[in-house]
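What follows is a short report on a single structure.
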Number of protein chains: 2
Amino acid sequence: MKDMTAFLPYASTANRPPLRPKLAPSGAGASAYATGPKAAKQTQTLRDNDDTELLTLFRNASFEQHFQPGSTVLLHGDPADAIYLVVSGTIRCCTVDSEGRRQIFAFPKKGDFVGVSDIDRWHFTAEAVDHVIVKSIPRLTLEQELAVNISLRLEMRTLMGGLLARRERQMLTLVSTKGPERLYRFLEEFAATRSGGGHIVLPMCRRDIGDHIGLSMESVCRAFSDLKRRGLIDLKSHEKYKLIGNAGRDATPLPLHADL
Amino acid sequence: MKDMTAFLPYASTANRPPLRPKLAPSGAGASAYATGPKAAKQTQTLRDNDDTELLTLFRNASFEQHFQPGSTVLLHGDPADAIYLVVSGTIRCCTVDSEGRRQIFAFPKKGDFVGVSDIDRWHFTAEAVDHVIVKSIPRLTLEQELAVNISLRLEMRTLMGGLLARRERQMLTLVSTKGPERLYRFLEEFAATRSGGGHIVLPMCRRDIGDHIGLSMESVCRAFSDLKRRGLIDLKSHEKYKLIGNAGRDATPLPLHADL
DNA sequence: CGTCGGTTTGATCCCTGTCAAATTAAGTGG
DNA sequence: CCACTTAATTTGACAGGGATCAAACCGACG
């Protein structure tokens with residue numbers, strides 16, 4: 001009762017008043033899958049040379065699932081009975097407090113794992129931003145493999161350690177930098193994973209971005225306008241952007257000190 | 001070069017300009033211990049029934065070390081060659097960016113572990129707030145035990161998962177609540193570990209608190225005054241406080257909505 | 001008793017949340 | 001294909017919280 005960390009209302013944000021799922025017939029269901037397991041388990045043991053242990057496990061013992069935009073991939077408080085690898089699409093991982101305020105701490109996308117940290121129950125909620133395809137491995141399978149595979153154990157520890165380090169760095173940027181710089185860093189980080197010279201498409205809405213970098217929806221818009229006005233980004237449409245690679249970027253990590 | 005996550009300057013905050021270590025002769029040294037290993041390793045295998053695997057390991061295979069206020073327990077970037085258990089005193093764990101801004105994400109105290117997350121190198125810096133005594137276990141010892149002790153493995157995973165969950169919740173409160181409430185929550189959480197009806201002593205300075213809850217030193221002072229004025233805390237001196245347990249605290253998690 | 005570091009308070013400015021309205025985008029049905 | 005509806009983005013106006021600069025206060029210590 002006294003514990004303020006209970007996230008009882010709004011464990012999922014999929015059906016909050018301000019943000020409705022557009023095309024999510026099964027969105028409200030607690031741990032319902034938007035689409036049931038599709039591809040059956042593969043039987044032969046395949047492995048690429050550059051695979052990690054965990055990837056190998058996914059290659060050999062995973063089910064594929066689809067999620068409609070806005071649907072819930074996993075729900076805070078539910079049993080953590082699987083582990084996920086994003087095949088395509090974007091997911092938002094978030095915690096929500098009793099007043100409906102939300103913090104999106106990650107946007108896992110292709111190649112990212114989801115659910116490596118929890119053993120018993122999920123401490124967060126994951127929702128599909130756009131159409132998402134994931135592979136999942138039953139928790140039991142993972143545990144069995146962990147019991148005998150020492151490399152996998154090391155990999156899992158490294159993964160979790162990396163997540164923790166990233167969160168603790170995120171905390172620093174959340175409190176120490178202003179809106180436009182936070183947005184710029186996010187766009188930069190997001191762009192880093194989308195190679196190619198063209199424009200990058202943002203699958204998530206302004207509110208999602210705001211809940212990620214700690215700004216209101218409106219401030220995100222202003223930050224976008226600000227970066228555009230300063231010539232730091234090229235905003236083709238509200239969802240397509242490109243970072244302007246200023247040739248002489250070196251000592252100054254961010255040329256954000258110029259005022260309009 | 002382009003990576004903005006490099007924490008090259010000020011990996012330690014012990015000797016930043018504004019905050020000097022008072023009594024730390026070896027404070028500036030990179031990985032120097034304020035005092036070398038003191039108590040020798042214990043040889044017999046002791047174990048309390050309520051011990052966890054990790055505590056048992058500390059009971060049997062640890063060295064005791066002392067740290068003066070302001071000295072560095074472990075430094076960001078150094079090899080993670082040990083794991084720590086705080087015996088007494090308070091530590092601050094933080095990340096620092098290139099502009100000297102600091103985020104203290106935890107204040108480990110008696111009974112808390114430090115360094116469970118990193119395998120290769122420390123991703124953060126830990127410094128003694130006051131006089132600190134820790135027990136440490138060499139990384140090698142831990143790894144050897146991990147290889148054969150399945151319960152310990154589960155414990156470590158649970159520990160790390162708990163840390164990650166806590167950080168992700170912290171991120172939410174950092175951006176969603178105002179200064180006084182953040183301070184109140186911190187004082188509440190801090191008090192939760194110090195049982196006893198008397199006044200609680202804060203070992204850390206205002207700046208440390210500020211860097212923990214994302215406020216400037218001055219705003220921390222104002223938040224203290226604010227809470228005192230509203231009768232939510234009893235501030236005996238600048239470092240001794242007591243939460244005012246308003247008898248009817250139930251539905252309202254925080255009676256902070258009244259305006260001065 | 002004076003010095004020094006930390007704390008507190010004051011004055012001011014800027015960022016950002018909030019409320020509101022305008023604009024654009026995306027469907028939907030005729 | 002166009003009118004209509006609805007959601008999302010953008011911009012504007014305004015107020016409040018907190019950072020910053022500065023000064024006063026306070027306690028520890030030699």
Side-chain angles (χ1 to χ4, degrees), chain A residues 15-24 69-70 99-102 129-130 174-184 201-211 213-229 233 235-241 256-257 259-260, chain B residues 14-24 69-70 99-102 129-130 174-184 201-229 233 235-241 256-257 259-260:
Chain A
N15 44 3
R16 285 190 311 168
L19 214 59
R20 276 147 271 191
K22 263 186 298 199
L23 312 160
E99 272 122 57
R101 283 172 303 211
R102 186 175 66 158
V129 171
D130 47 8
L174 266 188
V175 296
S176 66
T177 67
K178 304 290 178 194
E181 178 162 355
R182 288 212 293 276
L183 177 61
Y184 188 84
V201 177
L202 285 170
M204 73 291 289
C205 66
R206 295 293 189 254
R207 174 189 288 270
D208 283 350
I209 296 175
D211 287 344
I213 62 180
L215 288 180
S216 69
M217 193 187 60
E218 295 92 334
S219 291
V220 173
C221 283
R222 291 195 182 88
F224 265 110
S225 306
D226 188 51
L227 294 179
K228 190 165 83 173
R229 191 166 357 103
I233 62 170
L235 201 58
K236 194 179 204 175
S237 76
H238 70 94
E239 58 180 11
K240 284 190 186 130
Y241 76 98
L256 287 172
H257 309 295
D259 38 6
L260 67 121
Chain B
N15 45 3
R16 286 191 310 169
L19 215 57
R20 276 147 274 196
K22 261 188 299 198
L23 311 161
E99 271 122 59
R101 284 172 301 211
R102 187 176 65 156
V129 171
D130 47 9
L174 266 187
V175 296
S176 66
T177 67
K178 305 289 180 195
E181 177 161 355
R182 289 211 292 275
L183 177 61
Y184 188 83
V201 177
L202 284 171
M204 73 290 289
C205 67
R206 294 295 189 252
R207 174 189 289 270
D208 283 351
I209 297 176
D211 286 344
H212 182 50
I213 63 180
L215 288 179
S216 70
M217 194 187 60
E218 295 92 335
S219 291
V220 173
C221 284
R222 287 185 236 280
F224 265 110
S225 307
D226 188 52
L227 294 179
K228 190 165 82 172
R229 192 164 359 101
I233 61 169
L235 202 57
K236 194 179 204 175
S237 76
H238 69 94
E239 59 179 12
K240 284 188 187 135
Y241 75 99
L256 287 172
H257 309 296
D259 38 6
L260 67 122

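Note that these values count all heavy atoms, side chains included, but never hydrogens, waters or copies made by symmetry. Source: prediction; values computed, not measured. Lettering of chains follows the sequences in order, A, B, ..., and the numbering in each one begins at 1.
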Sugar-phosphate means primed atoms, P, OP1 and OP2; the rest is base. With that split, encode nucleotides 23-30 of chain D 5' to 3' as B, S or - using protein heavy atoms under 4.0 Å.
-> --------

Just by protein heavy atoms under 4.0 Å, how would nucleotides 10-19 of chain C read 5' to 3' in B, S and -?
-> BB---SSBBB

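In this structure, A/F224 atom CZ and D/dT10 atom P are separated by 7 Å, rounded to whole Å. The CZ-P distance, from A/R206 to C/dT24, rounds to 15 Å in whole Å. Atoms NZ (B/K240) and P (C/dT7) sit 15 Å apart, rounded to a whole Å. If you measure from atom CZ of B/R207 to atom C1' of D/dT20, you get 13 Å, rounded to the nearest angstrom. What separates CD of B/E181 from C1' of D/dG17 is a distance of 14 Å, to the nearest Å. Between the CG atom of B/D226 and the C1' atom of C/dT9 there is a distance of 14 Å, given to the nearest Å. Between B/L235 atom CG and C/dT7 atom C1' there is a gap of 11 Å when expressed in whole angstrom units. A/Y241 places its OH atom 18 Å from the C1' atom of D/dT9, with the value rounded to the nearest Å.
The CZ atom of A/R206 sits 10.5 Å away from atom CE of A/M217, with the distance rounded to the nearest 0.5 Å. Interatomic distance, SG of A/C205 versus NE2 of A/H238, reported as 10.5 Å (0.5 Å rounding). Here the CD atom belonging to A/E239 is positioned 11.0 Å from the CE atom belonging to A/M204, to the nearest 0.5 angstrom. Here the NZ atom belonging to B/K240 is positioned 15.0 Å from the CD1 atom belonging to B/I233, to the nearest 0.5 angstrom. Considering CD1 of A/I213 and CG of A/L183, their distance stands at 4.5 Å, rounded to 0.5 Å. For the atom pair CG of B/L227 and OH of B/Y241, the computed distance is 11.0 Å after rounding to the nearest 0.5 Å.
Using a 4.0 Å heavy-atom distance criterion, A/S225 is classed as a sugar-phosphate-only contact.
At a threshold of 4.5 Å between non-hydrogen side-chain atoms, the residues B/R102 and B/D208 count as touching.
No option in B/R222, B/R229, B/K228 other than B/R229 meets the salt bridge (charged side-chain N to carboxylate O under 4.0 Å, His left out) test with B/D226.
Both A/S237 and B/K228 sit near DNA chain C, but only B/K228 has its closest nucleotide nearer the 5' end.
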Would you please test A/V175 and B/R101 for side-chain contact (heavy atoms from CB on, under 4.5 Å) and show each step?
-> CA-CA 9 Å; A/V175 296; B/R101 284 172 301 211; over 6 Å; no

